[in-house]
Asks: 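Below are the structure tokens for one structure; questions will follow.
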Amino acid sequence: MVVQALAFYLFAIIAVISAAMVVTVRNPVHSVLFLILTFFNAAGLFVLLGAEFLAMLLVVVYVGAIAVLFMFVVMMLDINFVEMREGFLSYLPIGVLVAAVLFVELAFVGGGWVMTDAKMAAIAQPVPADMNNINALGMLLYTDYAYIFQAAGLVLLTAMIGAIVLTLRHRKGVRRQNISQQVQRQRAETLEIKKVPVGRGI
Amino acid sequence: MELLWDGYIQPGIWIVAKILAIVLPLLIAVAYLTYAERKVIGAMQMRKGPNVVGPFGLLQPLADGLKLFLKETVIPTSANKVVFLIAPMLTFILALVAWAVIPFGEGLVISNLNVGILYLFAISSLGVYGIVMAGWSSNSKYAFLGALRSAAQMVSYEISIGLIIISVLLTTGSLNLSDIVLAQSGGIWNWNFIYHLPMFVIFIVSILAETNRAPFDLPEAEAELVSGYNVDYSAMTFALFFLGEYANMILMSGLCATLFLGGWQAPLPFLDFIPGPLWFIFKICMVLFIFLWVRATFPRYRYDQLMRLGWKVFLPLSFAWVMLVATFLVVFDKVPA
């Protein structure tokens, strides 16, 4: 258990420090890198909890896909670091307000938490003994919460279609490549062999 | 004291020994993969390849390694130094840690994770960071363009690889790599590449793109980008990228062998007397040969065609295959327990 405790403190401390670094470092690319480190340590905490499926999902989805897009955008932007700092004081009250609201909400959630025996048992053994946690998650998602799961998928689909509709535009006069047309092209349509008389040309 | 020795020190030593037993042969394999690459491509182009250093040029990789080791590490003045140095280390480390879950034989695996395949997928999806960080921190146009290209490329092909893995998982019913291999036991006709033949082909092409190998080596297209994301790297920092890239090739071949070619199992039952790890290594070498063969054979793809292939051809095909496999399993009541 000593190793687990040490690992927990390691992951937890790095996660908290790097989360703080995300908002305090000057360079936005560094802050994305710290965000990735935070995700990674959160995944480590999941592994310690015995939720290795969630941990891997966190790494695949957030670190492997979403953070890459973040990084892409941040790297491409031409950001003036000095200008960015200027508005700091004027936005400070709003930031403090948002933080305060979030903190109060968290406090309410934590304060309203009642420990019953059933919950204690669930914490001690979150997954039924006869299946691993992937099976357990699958059973929950696809049987008990199937409709909600489908609804979540629909929301994502709508978002995806929305993004496509917003960015799709047909410009006139752009030559496009038609692969099937190119593949179907016959030699007879494109090539013509002529006998050229010597010294006269065509 | 007894508890400390039995509970921590002894297992610790044992784990380190197991890790070394994989990492050292892997590094030697990487060195000789570069040699094999030069020899194979040389043979295909009717040249001799390296043949001066040592018998048949066998010491060439060591000479190359020594050269890279002794050279000066140059860090560009306008580079972001910390990120610049972390990037090659990250590439190299990620290429090594993924080996923890690859089973070399029955029970011959460092960590028998029950989400092994997801772990591999997660680690390989992180590989893009090494390249992006290198490209950005070098503060050079060529490096940055190479990094952007490769990031887009790797993210795109990961999706089709993920879907292919899903269709294999549907038929084996487990995310554990050892279980996936055991589900293919009983000879070559039980291996996944027969049932998933179209996906096997797409998988091979996708891992070529995922490891940035020819004909999809646009990130380091030497004709346009000099050498892409690693143009500003020298000596050991460059060597780490190189090692990471080749270790990734071997890893992806190992993944291919595990998923489709029956892992450590013999193709015919009477060949069982040859030990499993040898079969596994043999299969990895076969897939690696495809890597080299393709490099010597095909010209480089154009970038828009590469993206088209990933998103408009492989993605719908692999999606359709997942649907097909799932439907088949349900209709014929063959869903693995």
Side-chain angles (χ1 to χ4, degrees), chain A residues 1-4 6 25-37 39-40 43-44 46-47 50-77 127 130-138 142 175-180 182, chain B residues 3-4 7-8 11-12 15 80 82-83 86-87 90 94 101 111 113-129 131-133 135-137 139 144-145 147-152 154-156 158-159 161-162 165 169 173-176 179 302 304-305 308-309 312-313 337:
Chain A
M1 289 316 276
V2 181
V3 178
Q4 264 97 327
L6 281 179
V25 284
R26 283 173 171 270
N27 193 330
V29 174
H30 290 175
S31 90
V32 175
L33 290 174
F34 276 114
L35 186 67
I36 293 160
L37 193 61
F39 282 146
F40 218 79
F46 270 131
V47 171
E52 60 268 25
F53 183 72
L54 279 183
M56 294 306 148
L57 224 58
L58 187 71
V59 176
V60 172
V61 175
Y62 282 90
V63 183
I66 293 178
V68 174
L69 294 182
F70 266 21
M71 190 115 156
F72 235 76
V73 173
V74 169
M75 285 189 329
M76 301 290 277
L77 291 177
V127 174
D130 58 334
M131 50 173 76
N132 57 28
N133 70 30
I134 305 159
N135 288 10
L137 268 177
Y142 293 103
R175 284 167 181 271
R176 291 188 183 281
Q177 190 177 17
N178 188 341
I179 301 278
S180 59
Q182 284 181 348
Chain B
L3 186 118
L4 194 68
Y8 298 104
I15 289 174
N80 194 317
V82 180
V83 183
I86 289 177
L90 190 73
L94 286 176
V101 294
S111 166
L113 276 184
N114 67 0
V115 288
I117 188 82
L118 269 179
Y119 170 82
L120 264 187
F121 192 60
I123 295 295
S124 73
S125 71
L126 293 181
V128 68
Y129 283 109
I131 292 176
V132 170
M133 282 163 73
W136 176 77
S137 64
N139 216 343
F144 190 58
L145 279 175
L148 285 183
R149 278 184 181 187
S150 102
M154 288 168 89
V155 171
S156 319
E158 228 152 60
I159 299 170
I161 290 184
I165 290 177
L169 293 182
S174 170
L175 274 76
N176 182 315
D179 288 350
R302 216 172 60 198
D304 60 319
Q305 290 173 338
R308 176 183 167 274
L309 186 71
K312 292 190 178 171
V313 181

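Convention: sequence-line order gives letters A, B, ...; per-chain numbering from 1.
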Asks: Just so I understand: if I count every heavy-atom pair under 4.5 Å between each of B:A122, B:G135, B:S124 and chain A, which residue has the most?
Replies: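 Between B:A122, B:G135, B:S124, the count favours B:A122.
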Asks: What pairs of donor and acceptor atoms, side-chain ones from residues 53-62 of chain A against any protein atom, are under 3.5 angstrom apart with sequence neighbours left out?
Replies:
none

Asks: Under 4.5 Å heavy-atom distance to chain A, tell me which part of B:A152 shows up: side chain, backbone, both or neither.
Replies: both
Asks: Does any backbone or side-chain atom of B:L148 lie under 4.5 Å from a heavy atom of chain A? Answer side chain, backbone, both or neither.
Replies: both
Asks: Heavy-atom cut-off 4.5 Å, strictly under: side chain, backbone, both or neither for B:V82 against chain A?
Replies: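 Neither part.
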Asks: Who wins among B:D304, B:V132, B:I159 for the most heavy-atom pairs under 4.5 Å with chain A?
Replies: B:V132
Asks: Quick check: does any side chain N or O of B:Y119 sit under 3.5 Å from a backbone N or O of A:E52, one acting as donor and the other as acceptor?
Replies: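 No, the answer is negative, given that no donor and acceptor are paired below the 3.5 Å cut-off.
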Asks: So which heavy atom on B:L175 is nearest to which on B:L169, and how close?
Replies: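 Smallest interatomic distance, heavy atoms only, reads CG-CD1, 4.0 Å.
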Asks: Check whether any side-chain heavy atom of B:L126 sits under 4.5 Å from a side-chain heavy atom of A:F40, and report yes or no.
Replies: yes
Asks: Is chain B contacted by the side chain of A:L69, its backbone, both, or neither, given a heavy-atom distance below 4.5 Å?
Replies: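 Interface part for A:L69: neither.
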Asks: Does A:N178 have any side chain to side chain donor-acceptor pair (under 3.5 Å) partners at least two apart in sequence or in another chain, and if so, which?
Replies: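 Listed in chain order: A:S180, A:Q181.
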Asks: Do other residues, nucleotides or ligands put more than 12 heavy atoms under 6.0 Å from A:F72 CZ?
Replies: yes
Asks: I need the residue from B:I123, B:V128, B:V115 with the largest number of non-hydrogen atom pairs under 4.5 Å to chain A.
Replies: B:V115
